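This is the structure, below, for whatever I ask next.
Keep in mind it's a predicted model, so treat the numbers as computed, not measured.
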Amino acid sequence: MDNVNLNAFTENAARLGMRIQETFSEHTRDLSITRGGASIFDMPDDKVKNIGKQLDSSSDREKLDAMKRLIALISKGRNVSNYFPQVVKNVASQNLEIRKLVYIYLLRYAEHEPDLALLSINTFQKDLADSSPLIRAMALRVLSGIKVPMICGLVVLAIKKCAADLSPYVRKAAALAIPKVFQLDATQQPALIPVITTLLRDRSPLSIGSAVIAFESVCPTRLDLLHQQYRRLCKILIDVDEWGQVYLLNLLLRYTRTMLPKPTISPDGEPMEEEVDADLQLLLASSEPLFQSKNPAVVLAVVRVFYYTGPLSSTSKIVNPLLRIMHVSREVERVVLAYLLIITLAHPQLFSTKYLRFLVRTDDPLQVKRDKIKVMLNLCDVDNHQALLREFIDCAEDVDDVVVGDAIHAVGRCARVVPSCTPQCLSALMIMIKSRHDIVVSNAVLVLKALIQNQLLIGPSALASSQSPLTIISLLARRIDDIKHPQARACVLWLVGQYSAAPGINSVIEGVADWAPDVLRRSSKSFNTEGLLVKLQTLTLAAKLFLLCPADQRLGLLCRHVLSLGKYDLNYDVRDRTRMLSSLLVGVLPTIDGGVTEEQGGVILRREQVMKVLFDGKAGVVEESEETLGYHRLPIGSLGIVTGKTTLGDSILPEWLEGGIDPSLRQNEEDALPVGPPPQAFGSASSTAPKTLGSAGVTPVVLTPTGNSTPVHEAKETWRDLDKFYASDKDKKDSESSSEEESDGNWEEDNGVHDSEETQDDAADYESSEEDGQEGTDGSSAKMLQ
C-alpha cells in the first residue's frame, strides 16, 4: 500500500514538474519575443517551415507566435500568401490579439488574392453582429479594406447597418469606410449620400469628424445637406476630437463663405458698427475656445476661420495663439511662419509690436531664417525700423549664403519703406562692398544699384558727399575687378554707362567721367571669359560712351574693338546685341562695323535719337516682392504657401455670397422647440402636475419623460420675474397647508390611494421608456435637461 501511494506521488510530482517547465518556457519565450523583437525578423528557415503547423495548432500561443512571424516576413517583403487558407481559419479566434494580426494579414493579401479573400466574407458578416463594439468595428474596417469590386454591394449594406449601430465607435468606423467604397466604385455615390446625411445628424461627437471626412470625399459640393445641421455642428464643435475639429472647421468655413452674407460695416452713426450674421457669429463664438487647443492644427484651422470669415474687429484675436504655437516644434514653426507671411502682408499692424518674437536664431533651419526675415520686413515701419535694420545687418554675417542675400536685400527694402533711414542703409552697404566674401559684395552691389536709381530719380537730397549717388558709382567702378559675381558686375557696368555723362566738368574726355573709359578698358580685356550678362552690358557700355564723345579717337577704337569681339562671339544673343548696336551707331560713325562703307538700308538715326533710345526710360526700379511673385494669392491653410508652388491637394476658398441664403433653411425642429428654464432644485415646482406626498410643496422629479414632447412649465411667464415667482410659491404653500388641515381626518386613506397611484404611474413610465429604446431615451433626456 505504501509502494502504491509512493508511486502515485512520484508520478504526480513528475507531471507537475513537466507542466511547470512548459509554462516557464512558454513565458520566457514570450518574454524574449517582447524584449528582443529582432529575433522574429532573424528567424531560421526551420521555424519558417513550422508556421503552418503552428497555425493548425490548438494552442493560442502557437497561433499568436505564427502570426507574429508572418507579419515579420511581410515587413521584410516576403510573399507568404500560401498561408492564406490557414490564416482565414483563425478569423473567428476568441483571442483578440490573434484576430488583429489576422485582419492585418487579410488587408495585405486581399487585393492580390481576391478569390481567397472571398472565403472570409461570411466570417466578417457574422462579426458585424458580434456583441463587442470593437469586433464589429474591426470587421467593418477589414471588410471595407478588401479591394474587390464585386463585394461593394455587401460593403454598402454593412455600412448602412453599422451607421445605425448603438455604439458611436462602430458608427465612426462606418463613416471611415465610406471613402474606401467610393474610391473603389464611384457608382455607389447615390447609396452613400443618405448614409452620410444620417451620420451628420449623429449626436455623438466621436463620429462627427469621420462623417465630415466622408462628406468631403464623396459629395463635397452638396453643402445643401448641411442646412439643417449647421447650428448643431457649431455647438458640438468643442466636443469633437482634435483632428475631427480640423475637418469640421474647414467644412464650416466653406459653408459660411458660400451660404452666409459677408460681414459689413454699417455707415450709420459716428462709431463704425459691424453687421455680422447671427449664424456667422455662432461659428466664431463656438470656435474661439479652440484657440487654447494643444493641437497646433486645430489652432491654425481656427485662425483660418477668423481670418477669412470674421469681421475686422475679430482679426486681432489670432495674434497670441499664433505666437504661442510657434515654439511647439520646428515643423510647426515652419508652417506658422508661412501663415504669418500672408497675414502680415495684409495686416502688418497686428504684429508690428511683436517683432522681437521673430528674431533669427543661429540654430534655425534655412527656410525658417528666410521666412523670419520676410516677416520682419513686412512689419518694418517708422517705430521699429532701427531695431530691424540692426537685425538685418547682423543676419548679413550668417553662414548661409541665401540668408545673407535676403538680409542685404532687406536692408535696401528698409531704405525704401522708411526713407529717413537711407543714410544708415547706404553706410552699411558701403561697408559690405569692402568685404572679402564675394556673396556679400555682389548682393550689396545689387542693392546699391536700386538705391542709387531711386535717389537719382527723386532728385538731389540731403545726403553727405561721400554718400552721393555719383560718388558711390565711382567707387564701384574702381572696384570692378574685385566684384566676381556676374550679375553684380553687370549692374556696375550698367550704372557706369547710364550715369557716366559729365557735362560741364573738366575731364580727360569731354563729357565723360574720368573713371568710365577705364572700366570699359578692363572689361574688354576679359570679354571672352565673362558671362552672358557681363558681355551684353559691356557692349552697351561701349555704345553709350562712344555716343557721349564720338570725336575722341581712343574711345572710338575701343568701341570698335568691343563690337568686333561681340560680332564673332559663340553666343547668338551677344551677336544679336552687337548687330543691333552697330546698326544704331551707323548714323554717328558709318565705319563703326569694320571700316567698310556700304549703302545702309532702312532708317538711319541721328546721334540725339540714338541717345534717346539707349539712355532714356531706364530710371525706373522694378521691385520683386511677394505681390509680384503671387504667393499672397494662395489661401492660408494650403500646402502651396509652404512649398512655394500650387499643388493638386490645395482647397479653393469660395467667394462670399452677396446676400446669403434664407436663414429659415437652417431652422430645424430643435431650434423651434421652446427652451425651458435651467434645471431647478429638488424642492422647486415640477414641470408635471403636482402630487401631494404629505408635505407641502414637495413634488416628484421625473428624469425620463414619457411621450415625445418636452416638459411644459405652467408658470413659465411668471418665472421671469423673481418677486412674482416667490409670491406665487408662497401663495401655493398657504393653499396647500389649508387643504391639509381640512383633510386631516382622511389623510391615511388618501395617502394609501396616492401611493398606489404613484406606484402605477412610475411603472407605466418605466415600461414606456423601455419600449422607446436607447435613442429616444438619450434624445428626450437631453431635451429635458436643456
Side-chain angles (χ1 to χ4, degrees), residues 124-125 127-130 133-134 136-141 143-144 151-237 239-241 243-245 247-252 254-255 259 665-673 708 772-783:
F124 294 137
Q125 289 180 325
D127 288 343
L128 293 176
D130 194 272
L134 181 62
R136 297 198 300 270
M138 291 178 62
L140 179 61
R141 180 186 176 188
L143 188 62
S144 61
I151 65 169
C152 282
L154 295 176
V155 179
V156 171
L157 293 177
I159 290 175
K160 290 181 179 180
K161 179 180 179 181
C162 293
D165 196 276
L166 295 178
S167 173
Y169 182 75
V170 180
R171 297 197 297 270
K172 178 180 179 180
L176 294 176
I178 290 177
K180 300 178 183 178
V181 177
F182 180 73
Q183 183 180 7
L184 189 61
D185 187 4
T187 60
Q188 300 290 339
Q189 184 184 29
L192 295 175
I193 290 179
V195 182
I196 295 175
T197 306
T198 304
L199 291 171
L200 288 174
R201 290 199 297 264
D202 197 342
R203 295 185 175 278
S204 175
L206 182 63
S207 60
I208 288 296
S210 302
V212 172
I213 295 175
F215 179 87
E216 293 283 9
S217 302
V218 178
C219 51
T221 58
R222 291 291 306 275
L223 295 178
D224 57 294
L225 300 177
L226 302 177
H227 289 329
Q228 298 289 323
Q229 314 301 329
Y230 171 78
R231 295 172 182 173
R232 187 180 58 82
L233 291 176
C234 290
K235 295 175 183 178
I236 205 176
L237 179 62
D239 298 323
V240 182
D241 62 283
W243 293 108
Q245 288 172 347
Y247 288 104
L248 183 54
L249 284 169
N250 292 334
L251 178 60
L252 293 176
R254 286 202 303 118
Y255 181 88
M259 301 297 179
L665 294 175
R666 291 184 290 274
Q667 189 78 19
N668 53 24
E669 298 177 358
E670 297 178 2
D671 298 332
L673 291 175
N708 296 326
D772 291 340
Q774 291 295 334
E775 297 179 356
T777 300
D778 296 341
S780 300
S781 300
K783 292 178 183 177

Heavy atoms, side chains only, cut-off 4.5 Å: are Ile178 and Leu199 in contact?
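Of all side-chain heavy-atom pairs linking Leu199 with Ile178, at least one is under 4.5 Å.
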I need the Asp202 CG to Lys172 NZ distance, nearest 0.5 Å.
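The NZ atom of Lys172 is 12.0 Å from CG of Asp202, to the nearest 0.5 Å.
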Compare all side-chain heavy atoms of Ile196 with those of Leu225 and state whether any distance is below 4.5 angstrom.
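No, every pair of side-chain atoms sits at 4.5 Å or beyond.
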Heavy atoms only: give me the nearest Ala175-Pro179 pair and the separation to one decimal.
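Shortest heavy-atom separation between Ala175 and Pro179 comes out as O-CD, 3.2 Å.
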Could you check if a side-chain atom of Gln189 sits within less than 4.5 angstrom of a side-chain atom of Phe182, using non-hydrogen atoms only?
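Yes, at least one pair of side-chain atoms sits under 4.5 Å.
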Test side chain to side chain contact (heavy atoms under 4.5 Å, CB included) on Ser144 and Ile159; report intermediate values, then the result.
CA-CA 9 Å; Ser144 61; Ile159 290 175; 5.5 Å; no
Does Ser167 form a side chain to side chain donor-acceptor pair (under 3.5 Å) with Asp165? I'd like the steps, not just the answer.
CA-CA 5 Å; Ser167 173; Asp165 196 276; 4.6 Å; no
Minimum heavy-atom distance between Val240 and Gly209, given as atom pair plus value:
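Taking every non-hydrogen atom into account, CG1-N, 4.1 Å.
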Verdict with supporting geometry, Asp127 and Arg136, salt bridge (Lys or Arg N to Asp or Glu O under 4.0 Å)
CA-CA 6 Å; Asp127 288 343; Arg136 297 198 300 270; over 6 Å; no
Roughly how far, to the nearest 0.5 Å, is the CZ atom of Phe215 from the CG atom of Leu226?
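The distance works out to 4.5 Å.
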Does Tyr247, at its OH atom, have more than 12 non-hydrogen atoms belonging to other residues, nucleotides or ligands within less than 6.0 Å?
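Open: at most 12 neighbouring heavy atoms sit under 6.0 Å from OH of Tyr247.
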Give the intermediate values and the outcome of side chain to side chain contact (heavy atoms under 4.5 Å, CB included) for residues Arg231 and Gln667.
CA-CA 9 Å; Arg231 295 172 182 173; Gln667 189 78 19; 2.8 Å; yes
Atom of Ala129, atom of Lys161 and distance for their closest heavy-atom approach:
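Scanning both residues completely, I find the closest heavy atoms to be CB-NZ, 4.0 Å.
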Pairwise distance CZ(Arg141) to CG(Leu176) - rounded to 0.5 angstrom
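The CZ atom of Arg141 sits 9.0 Å away from the CG atom of Leu176.
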Quick one, Phe124 and Met138 - any side-chain contact, counting heavy atoms below 4.5 Å?
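Of all side-chain heavy-atom pairs linking Met138 with Phe124, none is under 4.5 Å.
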Side chains of His227 and Tyr255 in contact at under 4.5 Å (non-hydrogen atoms)
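A side-chain contact exists here, since the closest heavy-atom pair is under 4.5 Å.
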Within the 4.5 Å heavy-atom criterion, are Leu128 and Cys162 side-chain neighbours or not?
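Answer yes - side chains close enough.
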Counting neighbours of CD on Gln183 that are heavy atoms of other residues, nucleotides or ligands and sit closer than 6.0 Å, is the number greater than 12?
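No - once you tally the heavy atoms of other residues, nucleotides and ligands closer than 6.0 Å, there are 12 at most.
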With rounding to the nearest 0.5 Å, note down the distance linking CD in Gln228 to CG in Leu200.
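Answer rounded to 0.5 Å: 12.5 Å.
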Test log, rule side chain to side chain contact (heavy atoms under 4.5 Å, CB included), inputs Ile208 and Leu237:
CA-CA 9 Å; Ile208 288 296; Leu237 179 62; over 6 Å; no
In Å, rounded to the nearest 0.5 Å, how long is the span from CG of Leu248 to CG of Asp241?
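Output value for this atom pair is 10.0 Å.
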Heavy atoms only: give me the nearest Cys152-Leu184 pair and the separation to one decimal.
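Answer, listing the atom of Cys152 first, then Leu184: SG-CD2, 3.5 Å.
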Could you pull out the closest heavy-atom pair between Ile236 and Ser204, with the gap in Å?
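Minimum heavy-atom separation between Ile236 and Ser204: CD1-C, 4.4 Å.
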Mind listing the closest non-hydrogen atom pair of Lys160 and Ala191 along with its distance?
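Where Lys160 meets Ala191 most closely, the heavy atoms are CE-O, 3.9 Å.
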Nearest 0.5 Å please: distance from the CZ atom of Arg254 over to the OG1 atom of Thr221.
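It is 8.0 Å, given to the nearest 0.5 Å.
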